[in-house]
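Small disclaimer: the values here were computed from a predicted structure and weren't measured. Every chain is numbered from 1, with letters handed out A, B, ... down the list of sequences.
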Protein chains: 2
Amino acid sequence: MKLKDYSKIFKALSNEQRLKIFMMIYKNCCAPKGTVVGAEFRIKDESTCCVKGSLDKAFTKICDCMNLSRSTISHHFKELQSAGLITCEREGQTYRCKVNEDVVDSIKDFLK
Amino acid sequence: MKLKDYSKIFKALSNEQRLKIFMMIYKNCCAPKGTVVGAEFRIKDESTCCVKGSLDKAFTKICDCMNLSRSTISHHFKELQSAGLITCEREGQTYRCKVNEDVVDSIKDFLK
DNA sequence: TGCAAGATTCTACAACATTAGAACAATAAG
DNA sequence: CTTATTGTTCTAATGTTGTAGAATCTTGCA
């Protein structure tokens with residue numbers, strides 16, 4: 001990964017709203033590598049995150065607690081995906097997100 | 001530290017030029033905590049960084065290899081300082097920078 | 001088939017970021 | 001003292017980002 005890629009990752013996390021979205025996903029779905037998609041949403045701490053009680057509908061739930069328009073949130077998801085931080089899949093009305101832990105690891109690595 | 005503080009840190013690192021400046025400082029002066037200011041510039045790998053051969057004049061040397069105006073670089077230094085990532089001191093024509101490793105650590109902490 | 005709900009895309013615009021240049025202040029060197 | 005060097009600040013131009021709303025697409029359900 002090049003410097004430009006890292007700056008892109010940091011840019012994706014540089015907006016407070018987007019960082020909040022990322023952390024909501026990260027803190028709830030940072031399943032061990034190898035976990036099948038669809039099982040990612042394991043609630044770790046319901047008190048700190050409003051994405052609760054369900055494994056899917058991440059988008060809608062995040063919309064419900066974010067006070068931003070859907071289009072804006074969709075845009076933020078795209079930015080996070082584009083930086084490689086998350087991957088998203090739609091399967092019908094189920095919206096599944098997964099944090100790309102390799103990328104998170106490489107940030108930590110980058111910072112030595 | 002709050003979410004907003006983290007987003008500010010990430011914003012400081014979100015610009016490629018500024019990230020480059022930060023890394024030049026980081027890779028050359030990440031001295032152990034407690035090291036006195038003025039002894040931070042220990043060259044670790046001269047081949048990957050153009051800040052060479054001296055402990056001070058960081059500003060000038062970074063200018064020399066950055067292809068940006070002095071005023072722009074000064075501005076970038078300010079952003080990095082404002083985010084808490086570095087501290088700078090001038091003593092005459094000696095410009096000394098230090099990476100705030102606590103902040104770097106707290107990023108790593110945040111991402112885990 | 002038709003309607004409702006979920007998510008995306010397009011458009012537009014205000015706000016903010018990046019940048020250089022000129023003027024300046026502080027220091028060093030001759 | 002004068003001149004060159006170093007870094008800051010101000011101003012202004014240009015480019016990028018964050019955001020909402022309307023239109024659109026996709027899926028599920030009656």
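Along DNA chain C, read 5' to 3', the first and last nucleotides having any atom under 4.0 Å from a heavy atom of chain A are C:dG6 to C:dT9.
Atom CG in B:Leu68 sits about 16 Å away from atom C1' in D:dT8, given to the nearest Å. What separates CD of A:Glu89 from P of D:dT27 is a distance of 14 Å, to the nearest Å. Put simply, CG on B:Asp64 is 12 Å from C1' on D:dT6, counting in whole angstrom units.
Contact check, A:Arg70 against D:dA20: no side-chain N or O comes under 4.0 Å of OP1 or OP2. Between B:Tyr95 and D:dT5 there is no side-chain N or O to OP1 or OP2 distance below 4.0 Å.
Shown here are the side chain to side chain contact (heavy atoms under 4.5 Å, CB included) partners of A:Thr72, two or more places apart in sequence or in another chain: A:Leu68, A:Ser69, A:His76. Considering only residues two or more places apart in sequence or on other chains, B:Phe77 meets the ring-ring contact (aromatic ring centres under 6.0 Å, His included) condition with B:Phe59, B:Tyr95. By the side chain to side chain contact (heavy atoms under 4.5 Å, CB included) test, A:Asp5 is found to be paired with A:Met1, A:Lys2, residues two or more places apart in sequence or in another chain being considered. For A:Lys108, the salt bridge (Lys or Arg N to Asp or Glu O under 4.0 Å) partners at least two apart in sequence or on another chain are A:Asp105.
Nucleic acid contact for B:Thr60: sugar-phosphate only, since backbone atoms but no base atoms lie under 4.0 Å from a heavy atom of the residue. At the heavy-atom level, B:Arg90 lies under 4.0 Å from base atoms of the strands shown.
DNA chain D lies under 4.0 Å from at least one heavy atom of each of the following residues of residues 71-83 of chain A: A:Ser71, A:Thr72, A:His75, A:His76. Taking every heavy atom of residues 5-17 of chain B and every atom of DNA chain C, pairs under 4.0 Å involve B:Lys11, B:Asn15, B:Gln17, by number.
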- Might you work through the side-chain contact (heavy atoms from CB on, under 4.5 Å) test for A:Met24 and A:Met66, ending with a clear yes or no? CA-CA 11 Å; A:Met24 283 196 286; A:Met66 280 295 293; 3.7 Å; yes
- Is there a side-chain contact (heavy atoms from CB on, under 4.5 Å) between B:Cys88 and B:Arg96 once you walk through the steps? CA-CA 5 Å; B:Cys88 300; B:Arg96 293 183 186 120; over 6 Å; no
- Let me see the working for A:Ile25 and A:Ile62 under side-chain contact (heavy atoms from CB on, under 4.5 Å), right down to the final yes or no. CA-CA 9 Å; A:Ile25 300 169; A:Ile62 285 174; 4.1 Å; yes
- Check step by step if side-chain contact (heavy atoms from CB on, under 4.5 Å) holds for B:Tyr26 and B:Ile86. CA-CA 9 Å; B:Tyr26 189 46; B:Ile86 62 173; over 6 Å; no
List the atom pairs, donor and acceptor, that lie under 3.5 Å between side-chain atoms in residues 8-15 of chain B and the rest of the protein, sequence neighbours left out.
residue: B:Lys8; atom: NZ; partner: B:Ser82; partner atom: OG; Å: 2.9
residue: B:Ser14; atom: OG; partner: B:Lys11; partner atom: O; Å: 2.7
residue: B:Asn15; atom: OD1; partner: B:Gln17; partner atom: N; Å: 3.0
residue: B:Asn15; atom: OD1; partner: B:Arg18; partner atom: N; Å: 3.0

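The two residues B:Phe110 and A:Leu19 make their nearest non-hydrogen contact at CE2-CD1, 3.8 Å.
Checking side-chain atoms of A:Ser74 against main-chain N and O of A:Ser71 turns up no donor-acceptor pair under 3.5 Å.
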